[in-house]
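Report on the following structure.
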Amino acid sequence: MANFFIILLLLLGFLITFQIAKASEYVAVLKGEKKAFEQQNKVNGFLMIMFLVFGLIGVYWCNELLKGKILGVAASQHGQAIDKMLYITLAITGVVFFLTQIILFWFAYKYQYSEKRKAFYFPHDNRLEVVWTVIPAIALTVLVGFGLIYWFRITGDAPADALQVEVTGKQFGWIFRYPGNDGVFGKKYFKNIDDGANNSLGLIWEDPATHDDIVVNQEMYVVVNRPVKLIINSRDVIHDVGLPHFRMKMDAVPGTPTTLWFTPLYTTEEMKKMNNNPEFEYEISCDQMCGSGHYTMKGIVNVVSPEEFILWKAKQQSNYSQVFPAQGAPAAKDSTKPASVSTSQTKDEVAKASLNH
Amino acid sequence: MSNDVSLHGHSEVAASHNAHHEEHGVHHHKEAFITKYVFSQDHKMICKQFIITGMIWAILGGLMSVLFRLQLGYPDTSFPILEDIFGKWAQGGKIKPEFYYALVTMHGTVLVFFVLTGGLSGTFANFLIPLQVGARDMASPFLNMLSYWFFFMASVVILSSLFVQTGPASGGWTVYPPLSALGDASQGSKAGIDLWITGMALFVVSSLLGGLNYITTILNMRTKGMSMTRLPLTIWAILFTAILGVLSFPVLLSGLILLLFDRHAGTSFYLSDIFISSTQKALPNEGGSAILFQHLFWFLGHPEVYIIILPAMGLVSEVLSVNSRKPVFGYMAMVGSLFAITILAFLVWAHHMFITGLNPFLGSVFVLLTLLIAVPSAIKVFNWLTTLWKGNIRFTPAMLFAIGFVSLFISGGLTGIFLGNSTLDIALHDTYFVVAHFHIVMGVSAFFGMFAGVYHWFPKMYGRYLNNTMGYIHFWVTLIGAYLIFWPMHYEGLAGMPRRYMDYSGWVSFRQFGDLNRFISTVAMVVFAVQLMFVFNFFYSIFKGRRVTNQNPWGAATMEWTTPIRPGHGNWPGEIPEVHRWAYDYAKDGREFIPQTEPVSGNESKH
Ligand code: HEM
Ligand SMILES: [Cu+2]
Ligand SMILES: [Cu+2]
């Protein structure tokens with residue numbers, strides 16, 4: 001019933017508009033086309049300047065309303081560089097925005113038709129044109145310069161002491177792997193994946209380096225102020241590790257590992273206080289369309305103190321020991337195995353990862 | 001280079017000078033309905049076929065957006081009426097994810113390709129090229145007709161994909177594999193995507209046939225005296241658009257064919273290391289690269305955005321000049337910047353791929369080239385502003401839309417500078433910031449350019465005017481609405497809110513925008529309703545609009561206004577007039593305007 005009324009109302013409004021529109025055409029004929037044109041022109045000229053004034057007020061008001069919602073201070077070093085870059089760009093483009101919009105609507109208003117005015121024949125002016133080729137070019141060079149300095153810093157190699165975490169996207173969730181105490185990710189092969197047998201990454205158990213690898217779902221832990229390097233994979237389609245609070249992002253591409261590193265600056269607890277939001281969490285949003293569950297593909301980054309991290313890690317059982325409880329080798333005791341295999345594996349892994357660079 | 005061969009012995013053209021005659025009355029040899037309206041080879045009729053097909057698509061595409069905005073604005077509400085209409089796709093009155101993503105995908109496809117590429121270029125290239133360069137028709141009217149009918153077939157195929165059991169394509173308009181390659185990963189990647197690929201292949205054929213024809217006609221069929229530098233900017237813009245299309249669409253087609261192979265022939269161009277959760281099976285494919293597809297796609301995809309905007313820029317340049325009553329400022333710079341944009345458009349595609357794991361050095365090259373493209377864009381904006389300066393501006397609805405275009409193009413172009421800087425793109429990629437950017441700079445802008453064109457040339461197309469008052473309402477509501485919808489989206493993007501989510505209520509970081517999303521959805525519906533009013537105005541005015549009684553109602557200098565009010569097949573009843581000057585002699589030597597066909601007199605001032 002409500003629908004029906006809405007449609008009826010719409011139709012009515014439409015009919016009225018149409019009648020007015022039609023009537024104004026007849027009025028124009030009665031008044032004389034010239035007179036009608038001049039009146040309409042005045043109205044539209046006035047609306048131009050009104051649009052400018054209210055538009056500018058609207059821009060300000062919208063900013064007041066929404067500026068508090070853009071996730072506050074960036075929570076990583078890279079993020080802070082990106083924010084700085086953002087504000088430089090905003091300042092430069094902001095000036096251009098206000099200048100050009102004001103000129104546009106002001107000219108439209110000021111030079112609206114008048115019987116007395118004659119348009120000015122002004123087909124070109126080489127000097128002017130050079131000016132507005134060169135100035136944008138300089139401004140853009142500055143922006144590119146700043147941008148690329150940061151870009152190479154951010155995409156450069158992670159520090160050697162970075163915590164390494166492997167992130168794997170799947171429809172629709174995240175799997176994280178820590179290399180265990182040997183610091184080496186064991187080999188894996190996608191045809192070994194078997195969710196039923198608790199091998200969601202396809203780890204190759206014959207490779208001893210896999211035996212202490214810790215595999216967890218949905219939530220990862222990283223240490224505050226310690227660089228973390230993510231090695232990003234996908235099990236099926238393209239996903240994307242989106243880290244809005246850290247201002248970072250990287251695609252997860254099946255068959256081609258990618259990497260990303262950053263240094264978190266605040267623990268989750270600290271962010272809860274800073275944002276005055278007890279529900280706060282560092283959410284990982286999947287940022288690449290990956291199917292019907294895309295919008296639910298959430299992960300969590302828990303940024304904790306070094307002590308908490310050690311505690312958390314100690315509590316984790318390796319994937320291997322979950323699968324083969326008989327052998328029962330807990331993650332911590334697996335440091336005796338021969339190191340040769342795993343080293344060569346590391347090289348493979350690195351070689352593979354660096355293909356993207 | 002004149003081609004004065006009359007296509008048919010047309011005496012009706014002369015007679016239609018007299019606006020009071022009914023068209024049918026003056027036909028000496030009657031054309032059959034089917035050759036006149038259906039398989040017509042007259043560029044003006046083909047233009048009308050394109051615009052009307054385009055409008056139908058625009059309504060459908062817009063309707064899809066209303067539906068998914070309903071979901072975004074009211075994620076917790078159920079609308080039983082949706083179930084009545086869409087059945088299983090909206091069980092319990094709530095849109096299912098598969099349906100939501102199908103809507104988003106088809107919305108993008110329809111508006112980008114079928115409305116703003118096929119519809120926009122098809123309409124104005126067909127209409128304006130012969131009329132403004134002084135030709136009787138296109139170089140090959142037959143290929144031109146085929147171009148429309150391929151477009152029509154493409155439309156039918158895409159439309160039919162909406163009705164298949166498993167739904168249409170639903171992986172986004174960019175159809176990235178592996179998602180689009182694997183039916184088990186997404187319902188829409190079953191029959192839907194095959195139909196999508198087929199439809200797009202037909203579309204590419206249509207676009208190539210059209211484009212080659214446009215290029216040939218512009219280069220070879222200009223009337224006597226119409227040198228390239230006397231062409232109106234509309235024609236230059238269409239020429240560059242066609243060149244872009246001809247060189248880049250084949251690359252998309254090849255990318256899609258490889259996708260088809262991956263889907264059905266067991267190849268591994270794009271597939272590697274895949275384990276499908278829904279079937280718990282690993283696929284045999286190894287060694288493919290999913291990123292390869294993105295290169296192929298964006299090698300078209302980026303030129304494509306300029307294929308959409310260049311014609312709009314051309315139309316706007318013309319409308320601004322005519323209604324400011326002064327020449328477009330910096331004609332050669334305008335042509336030069338179109339040329340620069342065309343070249344650069346081929347060299348920036350990877351800015352859509354900064355965070356795919358692209359080599360950072362390669363990324364930096366693309367940053368440089370991308371920001372370079374902002375320079376010619378800036379030149380155009382400044383030249384438009386100067387065109388208004390010291391003019392004597394008439395706010396016809398066309399002029400309003402042209403001014404609106406400039407405003408929107410500035411707003412959206414500036415956010416491109418954020419995104420083109422790869423450092424910022426790390427934070428902004430695939431968020432609502434991108435959605436805001438491209439809707440403003442491409443979506444709404446191109447629509448504004450198109451509206452400017454329609455309001456301006458409607459009298460030439462149909463011999464009647466559109467209703468002005470409805471035009472004004474249409475403009476102001478759309479302009480204000482467009483800003484209300486897309487401006488706040490920048491803030492959502494700055495907060496990292498991802499695009500292509502159907503419900504944010506599960507996210508601590510993003511559910512704070514619930515109210516804003518509701519507001520945006522409401523405005524979107526109002527704006528959509530006003531577009532329907534335009535459509536009504538269009539069809540009503542074809543039959544009942546005020547008649548045009550003046551051969552040159554806007555006082556424009558270009559050639560199309562030297563034809564009879566309702567030109568017949570062949571455009572000019574007698575010889576095609578000769579051209580003696582450029583297209584922008586307005587306000588020269590104290591005269592309102594001087595038509596291109598008027599010889600230069602001895603005492604005229606030089607410019
Ligand atoms: C000032 C010049 C411009 C620059 C520097 C620029 C830059 C960019 C960049 C870097 C992206 C990718 C953002 C991302 O996905 O993270 C982008 C997206 C886009 N741009 Fe622009 N742009 C400019 C002008 C335009 C114009 C004139 C159009 C169309 C007429 C346009 C249409 C688009 C579209 C459609 C997308 C999104 C495609 C998608 O992912 O679905 N841009 N732009
Ligand atoms: Cu996803
Ligand atoms: Cu692009």
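Proteins get letters first, then strands, A, B, ... in listed order; numbering begins at 1 in each.
Side-chain atoms of B/Asp589 and A/Tyr121 include no donor-acceptor pair closer than 3.5 Å. Side chains of B/Ser186 and A/Gln171: a donor-acceptor N/O pair is absent below 3.5 angstrom, by distance only.
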For this session: Let me see the working for B/Phe395 and A/Tyr113 under side chain to side chain contact (heavy atoms under 4.5 Å, CB included), right down to the final yes or no.
Result: CA-CA 8 Å; B/Phe395 296 115; A/Tyr113 172 87; over 6 Å; no
Exercise. Run the side chain to side chain contact (heavy atoms under 4.5 Å, CB included) check on B/Phe275 and A/Asp195 step by step: do they pass?
Worked result: CA-CA 10 Å; B/Phe275 176 89; A/Asp195 284 336; 4.0 Å; yes
Exercise. What's the verdict on side chain to side chain contact (heavy atoms under 4.5 Å, CB included) for A/Lys118 and B/Asn392, showing C-alpha distance, side-chain angles and the deciding distance?
Worked result: CA-CA 7 Å; A/Lys118 277 257 165 284; B/Asn392 201 15; over 6 Å; no
Exercise. Taking it one step at a time, do B/Thr356 and A/Gln288 satisfy side chain to side chain donor-acceptor pair (under 3.5 Å)?
Worked result: CA-CA 10 Å; B/Thr356 53; A/Gln288 183 60 254; over 6 Å; no
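Looking at A/Asn277, only its side chain comes within 4.5 Å of chain B, counting heavy atoms on both sides. Residue B/Tyr100 does not touch chain A at all, counting heavy-atom pairs closer than 4.5 Å. The contact between A/Met297 and chain B is made entirely by backbone atoms, counting heavy-atom distances below 4.5 Å. Heavy atoms of A/Lys22 lying under 4.5 Å from chain B belong to its backbone as well as its side chain. Residue contact with chain B, scored on non-hydrogen atoms closer than 4.5 Å, involves the side chain of A/Ile154 exclusively. Using a 4.5 Å cut-off between heavy atoms, A/Leu128 touches chain B through its side chain atoms alone. Heavy atoms of A/Thr141 lying under 4.5 Å from chain B are absent altogether. Contacts between A/Phe146 and chain B at a heavy-atom distance below 4.5 Å are absent for every atom of the residue. Only the side chain of A/Asp240 comes within contact range of chain B, with at least one heavy atom under 4.5 Å from a heavy atom of that chain.
The aromatic rings of A/Phe18 and B/Phe536 sit perpendicular, their planes meeting at an angle over 60°, well past the 30° parallel limit. Aromatic ring pairs are classed by plane angle as parallel below 30°, tilted from 30° to 60° and perpendicular above 60°; the pair A/Tyr295 and B/Tyr101 is tilted.
Heavy-atom pairs under 4.5 Å with chain B were tallied for A/Lys69, A/Lys191, A/Glu279; the largest tally goes to A/Lys69.
Scanning all heavy atoms of the two residues, the minimum distance from A/Gly291 to B/Leu179 falls at N-CD2, 3.7 Å.
Between A/Phe54 and B/Trp476, the distance separating the two ring centers is not shorter than 6.0 angstrom.
Note that the CD1 atom of B/Ile355 and the CG atom of A/Asp251 stand 4.5 Å from one another [nearest 0.5 Å].
A salt bridge between B/Arg546 and A/Glu33 is present, with a side-chain N of the basic residue lying under 4.0 Å from a carboxylate O of the acidic one.
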